Every structure is written in C-alpha cells, then in structure tokens.
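Each remark here refers to the structure printed beneath this line.
We count ligands from 1, going down the list as the structure has it; atoms in each ligand are counted the same way. Nothing here was measured: the structure is a model prediction, and the numbers come from that model. Residue indices begin at 1 and follow the sequence shown. Atoms considered below: every heavy atom in the structure, side chains included; atoms not considered: hydrogens, waters and symmetry mates.
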Amino acid sequence: MHRPAPLDGQPIGLLGLGIYLPDRVMTNDEWAEYVDTSDEWIVARTGIHTRRIAADDESTADLALAAAGAALADGGFEPADIDEIVLATDTPEVFAPDTAAYVQARLGVGQIPCYDLAGSGCAGFVLALDVARSRALADGRRVLVIGVELITRLMNWKDRNTCVLFGDAAGAAVVGSGAGAIEILAATAGTDGTRSDILGLETGGTRQPVTMERVRQGLHKNLVMDGREVFREAVRRMSEASLRVLVKAGVSMDDVALVVPHQANLRILNAVAARLGLSEERVFINVQQYGNTGSASVPVALWEARDQGRIKPGDLVLLTAFGAGFHWAAMLLRFQESPGMDSGC
Ligand code: ACO
C-alpha cells in the first residue's frame with residue numbers, strides 16, 4: 001500500500017478518535033450495598049459520583065473493538081487502512097495472547113502486527129501514542145492505538161479502599177501522517193521501577209500464581225495500593241512530566257489552551273492544577289462521571305473535551321498521565337482544522 005512518506009511535510013498525529021462507555025451507570029449509593037462506604041465519603045475524597053460497569057457478556061476486546069470502530073469512522077478510515085495495532089491495558093482479555101490479537105482478528109484489519117503495552121497502568125495510552133508516533137515517523141505506518149480497561153471485573157468488590165475508585169471504558173485513536181492530524185509536537189515519559197510496590201495487581205503472574213488458597217482468601221483480585229504514596233507520586237510526576245514536555249516543545253504553560261490529565265481522582269487533579277498554576281477552565285475533568293478508567297481515561301477525556309467544544313483549531317493541548325510501575329508520560333498536541341476532526345472545534 002502506497003501512502004505519503006512521514007517526512008513529506010504532513011504532520012504526524014491523531015487522525016481519528018473514538019470511545020466506548022458501557023451502558024450501566026453505577027452510583028456511589030450502590031457501593032454502600034457492597035462495602036462500608038457512603039456517597040459523602042467517596043465524593044469528598046475522590047470527587048467521583050458515578051462510574052460505568054461493563055455488562056456480564058462484555059469483555060475487554062468488546063470494549064476495545066467498539067472504541068476502535070468509532071475512531072476509524074471518525075477519521076474516515078476502513079480497517080484495511082490500518083498497518084499496526086498497539087493496545088494499552090492492565091485488564092486483558094486473557095493472560096496470553098494479548099488483547100490486541102483478539103481485536104485484530106475481529107476488526108478485519110488483516111494479518112498486521114499488533115501488540116499490547118500491558119501493565120503500563122494509567123499512563124499506557126499516552127505511552128502507546130508515543131510508540132505509534134515513532135512507527136509512523138520511521139515507517140510511514142498508520143497505527144491504531146487503544147486504551148481499554150475492564151477493571152471492575154478483576155478488582156475486589158469487597159475492598160473499599162480501592163473498589164469505589166474505578167470504572168470501565170475504552171478509547172482509541174488512529175495515529176499517522178495526514179493534513180488534518182491533531183499534531184503530536186512533543187512527548188516525554190519515564191519509569192521509576194523502585195516504586196512498583198505502591199500500586200499493582202500482583203496475583204496471577206509467576207511470583208504469585210493463582211492457587212485455591214489465594215482464591216479462598218480473595219487475594220486473586222487483590223489490588224495493592226498505598227493511597228497516600230500514590231497520591232504524592234501522581235501529583236509530582238504528572239506536574240513534572242507536563243513541564244518537561246513543554247520545554248521539549250519550546251513553549252510555556254501560557255501557550256497551552258487545555259490540559260487533559262489522567263482522571264485518577266479530583267483531589268489529585270486539583271493538586272496538579274495548583275502546582276502548574278492552572279485555572280479551573282484550563283483543565284479538563286470528567287472523573288466525576290466515570291471514575292478512574294485506567295488507560296482509557298485520557299482518550300475518553302480528550303474525546304469529550306473535543307465533543308464539548310473545549311478545543312479550538314490551533315489550540316495546544318497537553319496530555320499528562322501516571323500509573324502503576326510507576327510510569328508517567330506527557331504529550332503536547334496541536335489541533336488543526338480538518339473535515340474529519342471538526343466536531344466540537
Ligand atoms: N469509604 C469509607 N471509608 C473509607 C473508604 C471508603 N470507600 N476507603 C477507605 N476508607 C477509610 C479508611 O479505611 C480510613 O479509615 P481509618 O482511618 O479508620 O483507618 C479512612 O477512610 C481514611 O483513609 P485515608 O487513607 O486517610 O484516606 P485518604 O484521605 O488518603 O483518601 C484515597 C484515600 C482516596 C485512596 C487517597 O489516598 C487517594 O486519592 N489516593 C490516590 C489513589 C488513587 O488515585 N488511586 C487510583 C489508582 S492509581 C492510578 O490512577 C494510577
């Protein structure tokens with residue numbers, strides 16, 4: 001298939017965006033039926049009011065496929081236009097093979113390479129966008145990037161410290177070169193593996209295989225989280241990554257129209273905004289409706305920001321995310337006018 005070389009002057013960036021949110025809305029009051037909690041506690045500590053819960057007959061690949069189809073349609077692409085798939089998730093279809101293989105088979109894209117960025121936590125989608133950009137740059141590829149989590153299926157519904165925080169969702173983008181792309185101007189990422197102990201889903205691998213005993217104790221769904229440490233690291237890393245990507249792009253925070261952060265919880269987002277000196281209207285927040293949707297949170301937020309008219313042609317938009325690992329990533333985008341990308345602009 002022939003298409004323009006990536007360095008032909010066409011910007012490399014996002015050529016289509018799509019999301020999928022399961023129908024079922026779960027309120028905080030419903031959580032009180034499972035654990036000792038209340039709407040007041042959850043709203044005060046997290047800002048979350050509702051989250052989406054996938055239907056019993058939905059799996060991770062179903063969510064991913066729905067978002068992928070929406071992204072293709074948004075950009076005016078057919079499955080055959082895609083050269084590669086990279087999918088970020090911590091909640092895969094099965095342990096192996098990766099979820100991207102299931103998506104490839106059902107999307108009708110042919111036998112193109114596809115792979116997961118597994119376990120990269122809530123930073124996964126932004127990391128995957130950066131991988132896709134380098135594939136587009138080096139090889140002229142058009143890459144389908146997906147961030148998807150069906151975390152409510154794998155978490156412990158009896159652990160009030162964690163269960164109230166999360167929700168299910170998927171988001172996708174087509175990345176490649178094209179006149180109307182939401183241009184990727186710069187990206188940065190990092191990992192501090194010494195902090196892997198403060199957040200993770202540890203059971204199921206070779207260190208802690210699933211055993212009858214662990215299942216009996218409910219440990220097979222044990223999300224390890226040191227909430228206060230995660231809070232501290234998240235604020236620091238998302239803020240620092242944001243500043244670093246601005247330096248890389250040679251612009252200042254004053255040039256940025258909107259920051260679209262990973263939606264962990266409202267207090268984290270407010271603290272990041274305060275550190276970066278951002279007023280309320282320059283930070284996009286939808287954690288109130290969806291909770292923390294892991295690697296789906298950034299694409300869902302970006303899609304909604306565009307849909308709600310919060311982004312104008314020419315605007316610089318900063319993505320910033322952190323997640324288990326500890327991984328962090330930030331990316332600076334420039335929106336452009338384009339027939340395929342104009343809803344909400
Ligand atoms: N309902 C009622 N009480 C609760 C609940 C709940 N759902 N969860 C915990 N509590 C209790 C605790 O047991 C504790 O009780 P105790 O004092 O009797 O021991 C009390 O509330 C206070 O707990 P703290 O840990 O002090 O509460 P804190 O103000 O730190 O808030 C929270 C907890 C919301 C988890 C906070 O630490 C936080 O936001 N951390 C960041 C975690 C996060 O965002 N994780 C998302 C995944 S990470 C990611 O996106 C990469």
*Of the protein's non-hydrogen atoms, which lies at the shortest distance from atom 47 (C) of ligand 1, and what is that distance?*
Asn292 ND2, 3.3 Å

*Is any side-chain N of the basic residue among Arg24 and Glu30 closer than 4.0 Å to the acidic one's carboxylate O?*
yes

*asked:* What protein heavy atom lies closest to atom 40 (N) of ligand 1? Include the residue and the distance to one decimal.
replied: Gly227 O, 2.9 Å

*Is it the side chain, the backbone, both or neither of Leu199 that has a heavy atom closer than 4.0 Å to ligand 1?*
side chain

*Contact partition for Phe322 relative to ligand 1, non-hydrogen atoms under 4.0 Å*: both

*Do Arg106 and Asp62 sit within salt-bridge range, that is, some charged N less than 4.0 Å from a carboxylate O?*
yes

_With no hydrogens and no angle check, just 3.5 Å: does a side-chain donor-acceptor pair link Ser279 and Glu281?_
yes

*May I ask you to identify the nearest protein heavy atom to atom 18 (O) of ligand 1, giving residue, atom name and distance to one decimal place in Å?*
Arg160 NH2, 4.8 Å

*State whether any protein heavy atom lies less than 4.0 Å from atom 14 (C) of ligand 1.*
no

*Nearest protein heavy atom to atom 39 (O) of ligand 1, by residue and atom, and its distance?*
Asn265 ND2, 2.5 Å

_Nearest non-hydrogen protein atom, atom 36 (C) of ligand 1_ = Arg267 NH2, 3.7 Å

_Per-residue contact class, Arg228 against ligand 1 - non-hydrogen pairs under 4.0 Å_ = both

*Quick one: does ligand 1 sit under 4.0 Å from the side chain of Val164, the backbone, both or neither, non-hydrogen atoms only?*
side chain

*Enumerated ligand 1 atoms positioned under 4.0 Å from heavy atoms of Gly323*: 51 (C)

_SB check Arg207 Glu202 (cutoff 4.0 Å)_ = no

*Would Asp315 and Arg334 pass as an ion pair if we require N to O under 4.0 Å?*
no

*Check each heavy atom of Ile268 against ligand 1 and say whether those closer than 4.0 Å belong to the side chain, the backbone, both or neither.*
side chain

*Of the backbone atoms (N, CA, C, O) and the side-chain heavy atoms from C-beta on, which set of Thr37 has a member under 4.0 Å from an atom of ligand 1: side chain, backbone, both, or neither?*
both

*asked:* Quick test of your reading of the model: are Asp192 and Arg237 salt-bridged, counting only N-O distances below 4.0 Å?
replied: yes

